[in-house]
Number of protein chains: 2
Amino acid sequence: MRASTRVQPKPPSRPRKPSSRTASPAAAPARKAPRQIRSRATVDAIVDAAARVLRQDGYDGTTTNRVAEVAGVSVGSLYQYFPNKEALVRELLERHDRAMWTVFTDQSTCAIGRPFAEAVPAVIDALFAAHLVDPQLHQVLHQQIPRVGALALLHATSVRSRAVVEGLLQARTEEHQRGDDVPTAALVVVESVEALIHASIALPPAQANAVQRHASELVLGYLGVARPGT
Amino acid sequence: MRASTRVQPKPPSRPRKPSSRTASPAAAPARKAPRQIRSRATVDAIVDAAARVLRQDGYDGTTTNRVAEVAGVSVGSLYQYFPNKEALVRELLERHDRAMWTVFTDQSTCAIGRPFAEAVPAVIDALFAAHLVDPQLHQVLHQQIPRVGALALLHATSVRSRAVVEGLLQARTEEHQRGDDVPTAALVVVESVEALIHASIALPPAQANAVQRHASELVLGYLGVARPGT
DNA sequence: TGAATATGCGAGCAAAAGCTCGCGTTGTCA
DNA sequence: TGACAACGCGAGCTTTTGCTCGCATATTCA
């Protein structure tokens with residue numbers, strides 16, 4: 001299993017990084033898809049390794065060479081399936097987003113029919129739960145969205161959960177006091193709750209729980225809904 | 001004003017970037033301070049240029065060479081006053097933080113003696129106003145805190161304003177309903193308000209204003225304080 | 001006015017990181 | 001079982017970028 005050595009002296013030149021100044025919205029040139037089982041395993045190994053390295057070393061500390069090394073494959077193999085680093089991260093982003101969304105919908109849908117004062121905390125708790133899917137990776141990914149040009153993606157979780165909240169508020173206008181401006185209300189709710197979630201990730205579990213409880217009360221107070229215990 | 005040319009062939013070696021994996025908490029080796037007026041102007045030009053470039057091109061798009069170019073000086077001059085890129089950004093961070101803090105205290109202190117239902121919105125509005133000092137730069141800086149090792153700095157605005165809020169809540173426990181856990185309450189308030197501020201930066205002015213109004217109501221509802229107009 | 005000091009210059013080095021390419025290896029299919 | 005394709009390899013090229021260093025120019029001061 002040895003490979004050859006030399007490379008011809010001077011292949012013209014290459015564009016390399018778009019340099020973020022000219023952030024290309026065009027993005028992924030795509031690469032070939034795995035056909036045999038062997039290669040599918042390789043791709044998985046690469047993606048898993050990317051997640052590990054990203055979690056541990058952050059975006060900048062993550063190099064394609066390192067990812068390949070951790071995955072136990074060579075860089076060449078990596079570039080056979082991902083046109084560039086960005087595409088690799090984007091793939092990870094999509095997987096992560098799917099996982100979070102699954103958790104969120106699983107936990108929130110069943111609660112939406114219940115009384116408002118219960119439904120709201122349930123949705124909020126679902127959002128918290130969704131963020132418990134690999135919080136470290138989420139952190140890194142969340143910080144790096146603008147650089148991956150995938151604004152529209154991790155945003156996807158926010159955008160979609162905002163849509164859910166907006167739908168909920170719109171459907172039951174008589175049960176709260178924000179009927180005059182539902183879109184803004186949804187934005188306020190999701191945005192502030194997500195902030196609390198991100199803050200609580202770095203907190204000791206005890207206080208994180210406190211913050212989660214307060215998140216519900218924050219929103220209920222804002223919506224003018226009488227709290228269950230009051 | 002020409003300069004020389006060659007450099008000796010091989011000065012041993014240099015460590016270069018700490019690579020973010022080994023993020024050094026030690027940080028800035030410091031450099032010499034400007035003594036003549038001429039050099040003070042140079043330093044200002046450099047910092048101003050850094051702000052401009054950072055605003056326009058983001059952290060990654062910002063290179064020391066480009067900053068020097070925009071400042072109208074040479075890289076050599078830049079490195080005479082800043083040991084590295086990080087130190088330059090840190091300086092900018094400190095300036096920005098000072099400016100924001102000034103605005104915040106100016107607007108909030110005068111309102112703290114007023115009735116609670118007025119004081120709270122005043123403090124929140126002050127926080128909004130503070131973020132109007134160069135929002136674009138704030139955005140970039142805010143995203144890059146972890147990489148500049150200056151967590152403790154831009155965080156400073158958050159930490160200090162949280163202290164203000166905590167003081168306010170602690171001093172007037174009878175006027176709100178979060179006396180049982182003031183630290184968490186302060187965290188919840190500052191964190192969610194800041195999230196709304198950051199969200200509103202990207203919004204059209206009309207909706208940004210709506211969000212700002214809602215921010216006050218969010219907090220007042222959470223604290224269980226009767227709103228002025230209700 | 002001349003030495004000493006401060007300031008400024010900018011070509012270019014060295015390290016890091018993304019990525020390619022020619023070839024060896026494994027799997028598939030007739 | 002042989003041929004063809006999919007897969008895997010990894011040395012090393014190329015670009016980028018932070019940063020240095022020897023020297024020129026400006027300022028200060030006795």
Side-chain angles (χ1 to χ4, degrees), chain A residues 1-21 29 31-43 45-46 53 57 59-69 71-89, chain B residues 1-22 29 31-43 45-46 50 53 57 59-69 71-89:
Chain A
M1 241 201 218
R2 305 310 327 291
S4 79
T5 303
R6 145 217 17 87
V7 178
Q8 82 289 50
K10 291 205 178 276
S13 91
R14 217 181 336 121
R16 217 164 119 76
K17 253 205 261 174
S19 174
S20 96
R21 191 183 312 180
R31 213 74 147 194
K32 77 177 163 190
R35 321 218 153 217
Q36 305 177 355
I37 351 91
R38 178 169 50 136
S39 56
R40 223 136 345 140
T42 302
V43 171
I46 292 171
V53 176
D57 302 336
Y59 188 86
D60 292 326
T62 301
T63 71
T64 49
N65 284 287
R66 176 121 180 82
V67 169
E69 182 191 336
V73 304
S74 83
V75 242
S77 300
L78 190 156
Y79 280 97
Q80 201 158 36
Y81 300 106
F82 300 95
N84 49 46
K85 184 183 175 181
E86 181 176 316
L88 176 56
V89 175
Chain B
M1 244 204 216
R2 304 311 327 294
S4 80
T5 303
R6 141 221 18 89
V7 178
Q8 81 290 49
K10 289 204 180 278
S13 93
R14 216 181 337 123
R16 221 165 116 78
K17 255 205 258 175
S19 174
S20 96
R21 189 183 315 180
T22 39
R31 214 71 149 195
K32 76 178 166 191
R35 319 212 158 224
Q36 304 177 357
I37 350 91
R38 180 170 47 137
S39 58
R40 225 140 339 145
T42 301
V43 171
I46 292 171
V53 177
D57 303 334
Y59 188 86
D60 291 327
T62 300
T63 70
T64 50
N65 285 289
R66 175 117 180 85
V67 170
E69 183 191 335
V73 303
S74 83
V75 243
S77 299
L78 189 157
Y79 279 97
Q80 199 156 36
Y81 300 106
F82 300 95
N84 49 47
K85 183 182 175 181
E86 182 177 316
L88 176 56
V89 176

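Residue numbering restarts at 1 for every chain, and letters A, B, ... go by the order of the sequence lines.
Remark: C1' of dC19(C) and CZ of F82(A) are 15 Å apart, rounded to the nearest angstrom. Taking atom CD on E69(A) and atom C1' on dG18(C), their separation rounds to 16 Å, with Å as the unit. Distance CD (Q80(A)) to P (dG10(D)): 14 Å, rounded to an integer number of Å. Going from atom CG of N84(B) over to atom P of dT17(D) covers 17 Å, rounded to whole Å. We find that CG of L78(A) is positioned 14 Å from C1' of dC7(D), with the value rounded to whole Å. Rounded to whole angstrom, the span from the NZ atom of K85(B) across to the P atom of dT20(D) amounts to 15 Å. As rounded to whole Å, 9 Å separates atom P of dC19(C) from atom CD of E86(A). The nearest whole Å value for the distance from the CG atom in L88(B) to the C1' atom in dC19(D) is 13 Å.
Nucleotides of DNA chain D nearest to G76(B) and Q36(B) differ in position, and the one nearer the 5' end is that of G76(B). Summary of the strand contacts: S39(B) and N65(B) both lie near DNA chain C, and taking for each the nucleotide with the nearest heavy atom, the more 5' one is attributed to S39(B).
The phosphate of dG18(C) has OP1 or OP2 within less than 4.0 Å of a side-chain N or O from T64(A). In terms of phosphate contacts, Y79(A) brings no side-chain nitrogen or oxygen within less than 4.0 Å of OP1 or OP2 of dC9(D). Between T63(A) and dA17(C) there is no side-chain N or O to OP1 or OP2 distance below 4.0 Å. Neither OP1 nor OP2 of dT7(C) sits under 4.0 Å from any side-chain N or O of S77(B).
Each of dG10(C), dG8(D), dA6(C) was ranked by its minimum atom distance to the side chain of T42(A); first place goes to dG8(D).
Between N84(A) and Y79(A), the shortest heavy-atom contact is CA-CE2, 4.0 Å. V67(B) approaches I46(B) most closely through the heavy-atom pair CG1-O, 3.7 Å. Residue Y81(A) comes nearest to S39(A) through the heavy atom pair OH-CB, 3.1 Å, listed as atom of the first residue, atom of the second, then distance. When all heavy atoms are compared, the tightest approach of T62(A) to K85(A) is O-NZ, 2.8 Å.
Among the heavy atoms of the strands lying under 4.0 Å from R38(A) is at least one base atom, whether or not backbone atoms are also near.
No side-chain heavy atom of T42(B) sits less than 4.5 Å from a side-chain heavy atom of Q80(B).
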